[in-house]
Amino acid sequence: MDYKKYIAERLTENGISYGEIYGAIAVPPDSAMGDYALPCFKFAKVLRKSPVVIAQDIASRFPCGGAISGVQAVNGYVNFTVNKTALAEEILQTVLSQGKNYGSSDEGAGKTVCIDYSSVNIAKPFHIGHLSTTAIGGALYKIYKFCGYNVVGINHLGDYGTQFGKLICAYKHWGDRATVEKGGIHAINDLYVRFNSEADEGMEKEAREYFRLIESGDKEANELFDWFKELTLKYVDGIYKKLNVTFDSYNGERFYSDKMQPVIDELKEKGLLKESEGAQIVDLEPYGMPPCLILRSDGASLYATRDLAAAQYRKDTYNFDKCLYVVAYQQNLHFKQIFKVLELMGKPWAKDMVHVAYGMVSLEDGAMSTRKGKVVWLEDVINKCIEKAGSVIEQKNPDLENKEEVAEKVGVGAVIFGALYNNKIKDIVFSYDKVLSFDGETSVYVQYTCARAKSVTDKGGVPQSYTVGELTSQEAEVVKTLAAFPAAVADAAKNYEPSYVARYAVDLAQKFNKFYFDCKILTAEGGKKDFRLALTAATLQTLTNALTLLGIGVPDKM
Ligand code: ARG
């Protein structure tokens with residue numbers, strides 16, 4: 001039920017338009033002030049009356065009964081109280097009949113969103129810094145699908161550049177097949193690290209030659225490169241499976257090797273390309289930015305050149321309505337430059353490009369700091385969380401069946417939720433104890449609430465019919481929060497903020513637990529039992545939908 005609409009439709013005879021009233025209605029921070037409020041200050045001028053008088057006027061004429069049970073004028077505001085019984089009837093029916101689709105919409109029907117996320121670099125293992133893009137991008141992918149969009153998940157692989165020449169050179173000098181087969185990506189990374197600390201002038205020269213060989217299609221160089229790529233993809237695939245994320249395309253930077261020339265030609269044609277110290281650039285000084293480098297003086301293309309080609313390719317291939325880049329804020333300038341260049345090229349769709357920036361992740365002991373030379377691999381963080389979850393479960397519920405499966409859901413959930421819970425632009429300090437706390441603002445807390453609700457409905461069943469009647473304040477809070485889920489999902493999509501869904505889940509879990517501890521469910525009297533069971537089932541469904549959107553599993557028992 002759209003209450004704003006309901007209220008606004010009943011208020012148009014006051015000389016103010018429907019749209020103005022609809023837009024002005026807000027949800028007061030404190031529900032003691034009603035469920036919706038209309039501030040009348042804006043209308044004073046047009047109506048030539050004081051806001052206090054206008055509010056009183058509106059309140060006295062509003063038809064109560066139906067969806068709105070009470071109206072009150074207070075200091076220039078009209079406060080509306082929702083009929084909770086009617087709302088409960090409607091919401092329970094909606095949640096229980098829509099099931100796993102509750103909260104979805106067709107808002108995005110016919111529209112396409114490309115989401116560039118995770119975008120790993122070949123031969124580099126995932127460190128904890130890659131967690132956010134993977135978790136946030138993965139959640140946005142699911143959220144946009146839930147809102148009816150056609151979504152294209154793109155892993156813009158970092159598979160182009162001189163570092164691969166270095167890697168081949170290092171392998172040729174120090175590596176062997178067996179060690180790399182066995183050690184996988186970490187063995188490759190070791191070779192790369194060794195090159196950077198030990199390579200002399202001669203090896204640097206060789207490395208440049210190997211890079212040239214990759215570029216010119218040399219068989220051996222390309223076989224090695226493809227092998228490194230295969231090992232990387234196998235490795236990241238394991239992590240993606242754990243984190244429940246998927247991609248529709250792995251077209252990385254190399255894919256654009258033959259797609260850059262047309263973009264360069266177009267830049268030239270449009271008079272945007274300038275020479276500067278032998279390099280080709282687009283001057284962005286008028287826009288307060290350093291130039292966007294397109295070709296180096298040796299003719300080599302750059303990260304930006306490939307991103308321009310990729311943007312054009314995505315528009316041509318998917319005809320997106322929006323193209324998102326879930327990339328750390330360190331690349332703010334890069335994306336501002338790319339978007340500006342596209343705009344200067346006269347692409348009307350430049351305005352549809354969005355850099356979804358996020359902050360840094362570090363561990364409590366500062367372990368991410370590269371200055372100290374300590375790198376934290378993402379798989380270690382995930383495994384440690386699963387392990388810790390396992391020992392907590394062992395303590396709390398030693399007789400639980402399939403403990404391992406539960407530990408995995410809890411551990412992985414904690415990692416994802418830890419990366420998602422805060423507003424994405426904030427830097428986060430990852431703490432194992434915090435993300436795994438049973439009574440914090442955590443996924444474990446939400447999962448535990450789900451298990452609690454499940455055990456109630458397992459015992460009492462989910463009734464087909466029930467009478468709602470007068471609600472207690474705890475019941476009313478749960479009902480109101482259930483009703484707010486579709487809006488939380490829509491806002492998350494609109495603001496590129498999966499944290500809205502995460503926070504919503506914690507909020508609903510808290511409201512439900514208050515209800516659970518204050519009100520009897522299975523032993524309720526006066527015909528309340530069935531309604532409370534239905535309310536419990538609807539909460540479980542909604543929490544499950546919220547966690548699923550974030551890529552987090554829900555154990556039946558904990
Ligand atoms: N591979 C890059 C990095 O690790 C991220 C790529 C992001 N996507 C893009 N289209 N530039 O920094």
Side-chain angles (χ1 to χ4, degrees), residues 113-138 140-141 151-164 167 185 188-189 192-193 225 228-229 232-233 235-237 239-240 243 245 247-257 259-260 263 289 292-294 301-318 320 322-342 347 349-350 352-361 368 370 375-378 419 424 496:
V113 180
C114 289
I115 310 183
D116 177 325
Y117 69 107
S118 200
S119 300
V120 285
N121 298 320
I122 297 305
K124 286 209 191 127
F126 263 167
H127 61 68
I128 191 167
H130 293 104
L131 172 59
S132 299
T133 174
T134 311
I136 294 171
L140 286 176
Y141 185 91
V151 189
V152 188
I154 304 170
N155 200 320
H156 186 75
L157 297 178
D159 54 3
Y160 190 104
T162 47
Q163 69 269 34
F164 300 107
L167 190 58
I185 192 154
I188 308 177
N189 188 59
Y192 185 65
V193 170
F225 176 80
F228 297 148
K229 180 165 169 175
T232 308
L233 291 182
Y235 157 87
V236 293
D237 193 50
I239 293 190
Y240 292 149
L243 297 178
V245 298
F247 298 91
D248 304 291
S249 160
Y250 280 88
N251 286 338
E253 296 189 42
R254 230 171 127 66
F255 177 79
Y256 299 101
S257 299
K259 297 172 182 63
M260 288 182 277
V263 177
M289 286 184 254
C292 183
L293 219 52
I294 303 293
S301 65
L302 289 112
Y303 181 51
T305 326
R306 294 185 285 281
D307 254 331
L308 289 171
Q312 182 68 57
Y313 176 84
R314 289 174 194 174
K315 186 63 192 174
D316 295 343
T317 309
Y318 307 113
F320 58 74
K322 246 180 202 161
C323 182
L324 315 184
Y325 297 84
V326 187
V327 184
Y329 63 57
Q330 278 90 342
Q331 295 193 30
N332 275 357
L333 176 62
H334 168 74
F335 287 107
K336 261 175 82 178
Q337 290 178 311
I338 297 298
F339 301 167
K340 190 50 144 186
V341 171
L342 292 170
K347 312 278 177 194
W349 44 269
D352 304 322
M353 319 288 282
V354 183
H355 176 204
V356 179
Y358 58 82
M360 298 258 289
V361 185
M368 188 36 217
T370 38
V375 180
V376 182
W377 304 124
L378 182 54
K424 63 187 179 313
Y496 322 110

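Numbering of residues begins at 1 and proceeds along the displayed sequence. Keep in mind that this is a model prediction, so the values were computed, not measured. One-based numbering, in listed order, for ligands and for the atoms of each.
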State the atoms of ligand 1, each with its element, that fall below the 4.0 Å cut-off from a heavy-atom position in Q331.
3 (C), 12 (O)
Return yes if a side-chain donor-acceptor contact under 3.5 Å exists between Y141 and D248, otherwise no.
yes
Taking the inter-plane angle between the rings of H355 and F335 on a 0 to 90° scale, is it parallel (under 30°), tilted (30 to 60°) or perpendicular (over 60°)?
tilted
Just to be sure I'm reading this right: ignoring hydrogens, which of V327, I122, N121, I154 gets closest to atom 3 (C) of ligand 1? Compare them by their nearest heavy atoms.
N121
Nitrogen or oxygen atoms of E253 and ligand 1 under 3.5 Å apart
no
Under 4.0 Å from one or more heavy atoms of Y325, ligand 1 contributes atoms 10 (N)
Of F225, F228, Y192, the residue whose pairing with F164 passes ring-ring contact (aromatic ring centres under 6.0 Å, His included):
F225
For ligand 1, note which part of D307 has a heavy atom under 4.0 Å away: side chain, backbone, both or neither.
side chain
Using a 4.0 Å cutoff against the non-hydrogen atoms of D116, which atoms of ligand 1 qualify?
7 (C), 8 (N), 9 (C), 10 (N)
Should the proximity of Y256 to ligand 1, defined as any heavy atom under 4.0 Å, be assigned to the side chain, the backbone, both, or neither?
neither
Could you tell me how the ring of Y325 sits relative to the ring of F339: parallel (under 30°), tilted (30 to 60°) or perpendicular (over 60°)?
tilted
Going by the angle between their ring planes, with limits at 30° and 60°, are Y240 and Y250 parallel, tilted or perpendicular?
tilted
Report yes or no: does T133 contribute a side-chain atom to a donor-acceptor pair with the main-chain N or O of H130 at less than 3.5 Å?
no
Subset of ligand 1 atoms that lie under 4.0 Å from at least one heavy atom of Y303
2 (C), 5 (C), 6 (C), 7 (C), 9 (C), 11 (N)
